[in-house]
Student: 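I'd like to ask some things about the structure below.
Values below: every heavy atom of this structure, side chains too, minus hydrogens, waters and symmetry copies.
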Amino acid sequence: MSTIHRQERTVHFVEQVVPVDPAWGACWVEVYKAVSALVAEMRATGRLGETQEPADDAIRFRITDDEIVAYYETIKVTR
């Protein structure tokens with residue numbers, strides 16, 4: 001006989017938003033600042049060690065005409 005249980009999965013996105021100039025795009029230094037801020041937050045919250053670098057797929061980007069959003073996500077599972 002199998003046992004079932006209920007669980008909830010909550011996805012939390014932590015984002016840094018870089019505005020994009022329609023004519024020129026975004027400067028790399030601004031995108032780099034956004035990534036650096038996310039890495040600092042990941043370290044501050046214990047997701048990364050002090051000298052540990054994030055995994056290659058830990059920080060992602062969404063790009064629109066108006067902004068570049070650098071983000072990472074956390075998933076919390078509650079039973």
Side-chain angles (χ1 to χ4, degrees):
M1 177 179 216
S2 65
T3 303
I4 64 168
H5 66 273
R6 179 186 182 280
Q7 71 181 26
E8 290 183 25
R9 182 176 306 260
T10 304
V11 180
H12 178 79
F13 293 96
V14 179
E15 302 177 338
Q16 290 287 330
V17 180
V18 179
V20 172
D21 181 315
W24 301 101
C27 294
W28 167 245
V29 71
E30 298 301 320
V31 175
Y32 186 77
K33 286 179 191 177
V35 171
S36 295
L38 291 174
V39 171
E41 184 167 345
M42 291 171 83
R43 287 189 175 124
T45 58
R47 293 181 50 82
L48 282 178
E50 192 59 37
T51 59
Q52 185 181 7
E53 292 298 320
D56 289 345
D57 62 348
I59 296 175
R60 303 273 181 162
F61 298 91
R62 284 192 314 275
I63 301 169
T64 69
D65 291 340
D66 301 324
E67 61 191 17
I68 297 173
V69 179
Y71 69 96
Y72 71 87
E73 64 183 60
T74 61
I75 300 173
K76 178 181 177 184
V77 178
T78 307
R79 290 184 178 204

Student: Are Val11 and Tyr72 connected in the hydrophobic side-chain network, where two residues link if heavy atoms are under 4.5 Å apart?
Tutor: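 No: no chain of side-chain contacts under 4.5 Å links Val11 to Tyr72.
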
Student: Side chain to side chain donor-acceptor pair (under 3.5 Å): which pairs involve residues 12-28, sequence neighbours left out?
Tutor: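 Qualifying pairs, neighbours excluded: Glu15-Arg62.
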
Student: Would a hydrophobic clustering, with Ile, Leu, Val, Met, Phe, Trp and Tyr connected at side-chain separations under 4.5 Å, put Ile75 with Met42?
Tutor: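 Shared cluster, no.
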
Student: In this structure, would Val35 and Ile68 fall into the same cluster of hydrophobic residues linked by side-chain contacts under 4.5 Å?
Tutor: yes

Student: A side-chain contact here means heavy atoms from C-beta on lying under 4.5 Å apart; do Ile59 and Val39 qualify?
Tutor: yes

Student: Which atom names give the shortest non-hydrogen contact between Gly25 and Val20, and what distance separates them?
Tutor: CA-CG1, 3.7 Å

Student: So for atom CZ, which belongs to Phe13, do other residues, nucleotides or ligands contribute more than 12 heavy atoms lying within a distance under 6.0 Å?
Tutor: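 Yes, enclosed.
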
Student: Ignoring hydrogens, what is the shortest heavy-atom contact between Val18 and Ala26? Give both atom names and the distance.
Tutor: CG1-CB, 4.1 Å

Student: Can you list every pair that meets side chain to side chain donor-acceptor pair (under 3.5 Å) and has a residue in residues 45-59, with sequence neighbours left out?
Tutor: Arg43-Glu53

Student: Flag the pair Thr78 / Thr10 as yes when at least one side-chain heavy-atom distance between them is below 4.5 Å, and no otherwise.
Tutor: no

Student: Can you tell if the side chain of Val31 reaches within under 4.5 Å of the side chain of Phe61, non-hydrogen atoms only?
Tutor: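 Contact flag for Val31/Phe61 side chains = yes.
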
Student: List the atom of Ala70, the atom of Ala34, and the distance in Å for their closest heavy-atom pair.
Tutor: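 Minimum heavy-atom contact is CB-CB, 4.2 Å.
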
Student: Could you work out, with side-chain hydrogen bond (donor to acceptor under 3.5 Å, both in side chains) as the rule, every residue matching Arg9, not counting sequence neighbours?
Tutor: none

